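Everything below concerns the one structure shown next.
These numbers were taken from a predicted model, which means no experiment stands behind them.
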Amino acid sequence: MDDAHVDAQIGYVDGNVTIYSVSKNDHPRRKYEVGRNYLDGDMPRRAEALIEEAAMDGHRSSEVAYYWVLATLSDRSFDHLGPDEFKHLTTAGAMAAQFPYDSWRQAFDVVFELIRCITEEEEHGVTDLPRFSAAFDAYQALPKARRDEIHRHLEMILNGWIQDQVEELEARHVQAMRTDGNRQNRVWKFFEPVPTAPRRIMIPSPTLEPGKRVKVIVGATFGFIGFLWVVGLMAASSLAATIVALVLVSAWVIAIVMTGLSRRLDSQETPGTWWNEGFAASVSASVDHWFQRSGPADPVAARQWQWDNEPVRQKLKVDLVHLYGSDHDRVGPIRWLVRWHAENAARQFSGGVSLRSDGPPAAVVAGYAALAIAGLIALIGAAATSFLGMLGAGSLLGLAGAMAWKDSLDYLASAISHSRLAGEADRRLAAEQQEYERWCHVLSDRPSDAEMAAWLDYDKMTIKSLALKHYGLSNRDVIAHLTLTEGALRCRRARVLYGPLRYSAYVVLLFLLTEGGVRQVTVDLDFATGAIHDERRTTFRYEMIASARVTEVGVRFEHGHRRVLTREEIRPYDQQALVLSRAFRLSLVNRQHIDVLVDNYEEGLFDRVRENINFLTALALDTSGVTGALRILEAVSAEGREWLVHERARRRRRLRDFRESQKIPGSIGLYSPPMVLPGAHDDPPPAGPA
């Protein structure tokens, strides 16, 4: 596509990471652990299903209850909760009550006490300050890891004055967590493919096929007879001339053989193997790209560099295709090797070492020609007395050369230099292995998928805080907020197996739904640094929303800009120039559109054998925020300004349902959880009946 170039718009799947790998027959504990991983990776819907399955299969504890509640509430507001979610909360509460009071139970109680404070505020319009103060103190008393989890996963369900207080408390913490873990120096490593270990170039042993062997033997016999014939003719004519002729001819033959060895070795074919033609093309493009990038900046020197390294590039391409083409279909895992060879060649070039060897200089060639002519004159002079004999001997030698010269020279080249080339292959492998170990060490602190998700969550919190500050709003003024993300143009992409795509740069869209209408903010996010820039703001009334839907679209990239076309807008001549994808489209009555592209798992971005594309598509809709946004904005487009009234009614109904769900025997509503502060008791008291 336009503006794309090698190694810039790429993506890969890290199939070595199995944190999200689970099967139906796995032990319940394994299902729970994978569910935890999904929750840490900000994929709560998948986490909720796996933790529920583990709990129903017998893996139960207060820890399981705590994370089940977090997964159920994460990325949901109260109007997103229904009978199934209330059942999960009730069952988790009953599970927690079965176990002794511990740190997990304490965190569990804090979550539910915060929810009760929210229900009080929603129902009565005011906050029960004593109850909230106790809950807030208990929240502050939790370990840092628990506070982080509650803050991240209850961000959608907390609202009003309570959310303002929590965000004020955590404001500095959020900013610290955005750069925690040396983010700026580690994020880029997530997008680097897991490197493939170097492989040794196999130097074939010198061999002669049976047919060639017969030709060489017959040709050598003819040559030996012809040689003796010539020597006999020359010796009968003049002994001195014979010696001179033999010396000159021998010198010529030795010179030709020695200079021809390296050329024949370079032209020998590497043992054939199967490879993907697309892989070969990718290798060729990547080698050319990195050699160009490693060269000098001066235009004149750059042209000399490109001419000088051409043989090195061609040989490297052939070596890489034959070494890795049988089991690789993408160049990413060996990019480190391409880059190292390019940089190594550039260092040699800058040091004055020539990389090109085009055969002997013209003066040497002229010397060989002079030797050949002198030897020929000497032979003719020495055998001038027997023209017919010399003609017969020359014919015999010519026949011998036609039959045996090429194959003999090829075999001799292989035999003489086999040990030398094997030594060079060993030295090259040792150097590549050293670079491989260095590169693996550089990537050893690659961030986990959970870290990438946490950093993005804190970025979204920061963007929301900045938007509220700009509009002069507080959380009490916001009825609902929606955050959607998509990968920026020309960003790098990577993901772990069964996980969502992560991007090196994002476009983040924030919708703030207030009494006065919708405030929409779009910003660009450099994920490596956390820098937020190019803020675009717009405001519109609820009546302006015409529709909200997820649809298949075609994406055209023109001069660095993106154009999104729906199926209805695509014309026949556009088909070849478009990249098909899915997008969330919010259409306004003035025919303006707000589009959010959903992750497109094209070739190379998912494992066809182990992964299901439908599962990945649903995962992409969840992690991009589209699923939650679609539910709310569909209602807004259908109800217009009346959405405010209906939304409050829905929330009251959900709160009523939540209170009713707590009256079930064994649920957490039947006890009042103790708000225990550190040091208040040596051993926290067990929960008693209400």
Side-chain angles (χ1 to χ4, degrees), residues 10-22 26 29-48 50-51 63 67 70-71 74-75 143-153 155 173-174 176-195 332-333 336 439-461 485 487 491-506 525-530 599 601 605-607 610-611 615-616 619-620 622-624:
I10 60 174
Y12 87 99
V13 183
D14 186 352
N16 297 325
V17 177
T18 58
I19 57 172
Y20 300 134
S21 177
V22 67
D26 280 345
R29 180 171 185 81
R30 171 62 183 170
K31 295 177 182 178
Y32 165 71
E33 290 171 348
V34 174
R36 279 280 313 274
N37 292 336
Y38 271 112
L39 185 60
D40 292 340
D42 199 22
M43 293 165 276
R45 301 291 74 79
R46 179 63 174 157
E48 181 184 8
L50 285 173
I51 295 175
E63 176 187 348
Y67 283 111
L70 280 190
S74 182
D75 282 354
K144 174 177 175 291
R146 303 289 83 77
R147 294 203 313 272
D148 285 345
E149 291 166 347
I150 293 173
H151 186 204
R152 282 180 61 196
H153 296 295
E155 201 263 345
H173 177 68
V174 167
M177 292 301 293
R178 290 186 69 213
T179 57
D180 187 53
N182 195 22
R183 170 180 178 174
Q184 187 167 355
N185 295 320
R186 293 176 59 217
V187 162
W188 66 269
K189 301 178 184 181
F190 186 85
F191 303 98
E192 287 294 324
V194 176
W336 69 271
W439 187 240
C440 287
H441 178 71
V442 169
L443 299 180
S444 60
D445 62 343
R446 180 198 306 269
S448 66
D449 192 69
E451 286 180 289
M452 299 289 284
W455 285 326
L456 183 58
D457 276 349
Y458 290 120
D459 288 338
K460 291 189 288 188
M461 291 177 191
T485 59
C491 68
R492 302 184 71 185
R493 304 173 290 175
R495 52 181 293 267
V496 300
L497 198 66
Y498 303 112
L501 276 168
R502 307 296 183 188
Y503 296 96
S504 62
Y506 285 87
L525 170 66
D526 182 344
F527 193 68
T529 62
D599 300 334
Y601 294 93
L605 282 176
F606 75 101
D607 189 316
R610 292 182 286 180
E611 295 184 295
F615 167 79
L616 294 178
L619 191 66
D622 278 342
T623 55
S624 63

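Classification of the H173-Y458 ring pair by plane angle, with boundaries at 30° and 60°, yields perpendicular.
Applying the ring-ring contact (aromatic ring centres under 6.0 Å, His included) criterion to Y503, with sequence neighbours excluded, gives Y506. Considering only residues two or more places apart in sequence or on other chains, R186 meets the side chain to side chain donor-acceptor pair (under 3.5 Å) condition with E451.
Taking a cutoff of 4.0 Å between a charged side-chain nitrogen and a carboxylate oxygen, E48 and R45 qualify as a salt bridge. Comment: K144 does not engage E149 in a salt bridge, judged by the lack of any side-chain N to carboxylate O separation of less than 4.0 angstrom. With respect to D459 and R183, a salt bridge is recorded, a charged nitrogen being found less than 4.0 Å from a carboxylate O.
Residues L497 and Y20 are not in side-chain contact: their nearest non-hydrogen atoms beyond the backbone lie 4.5 Å or more apart. When side chains are defined from C-beta on, D42 counts as touching D457, because their heavy atoms get closer than 4.5 Å. In this structure, K31 and I51 have side chains that are not in contact, with every pair of non-hydrogen atoms separated by 4.5 Å or more.
The minimum heavy-atom distance linking A71 with P44 is given by the pair O-CB, 3.7 Å. What you find for F191 and M452 is that their closest heavy atoms are CZ-CE, 3.8 Å.
The CG atom of L50 lies 12.0 Å from the OH atom of Y32; values are rounded to the nearest 0.5 Å.
None of M177, R178, H151 except one satisfies the side-chain contact (heavy atoms from CB on, under 4.5 Å) rule with M461; the exception is H151.
Relative to the six-membered ring of F190, R502 misses at least one condition, a distance below 6.0 Å or an angle of at most 45° to the axis.
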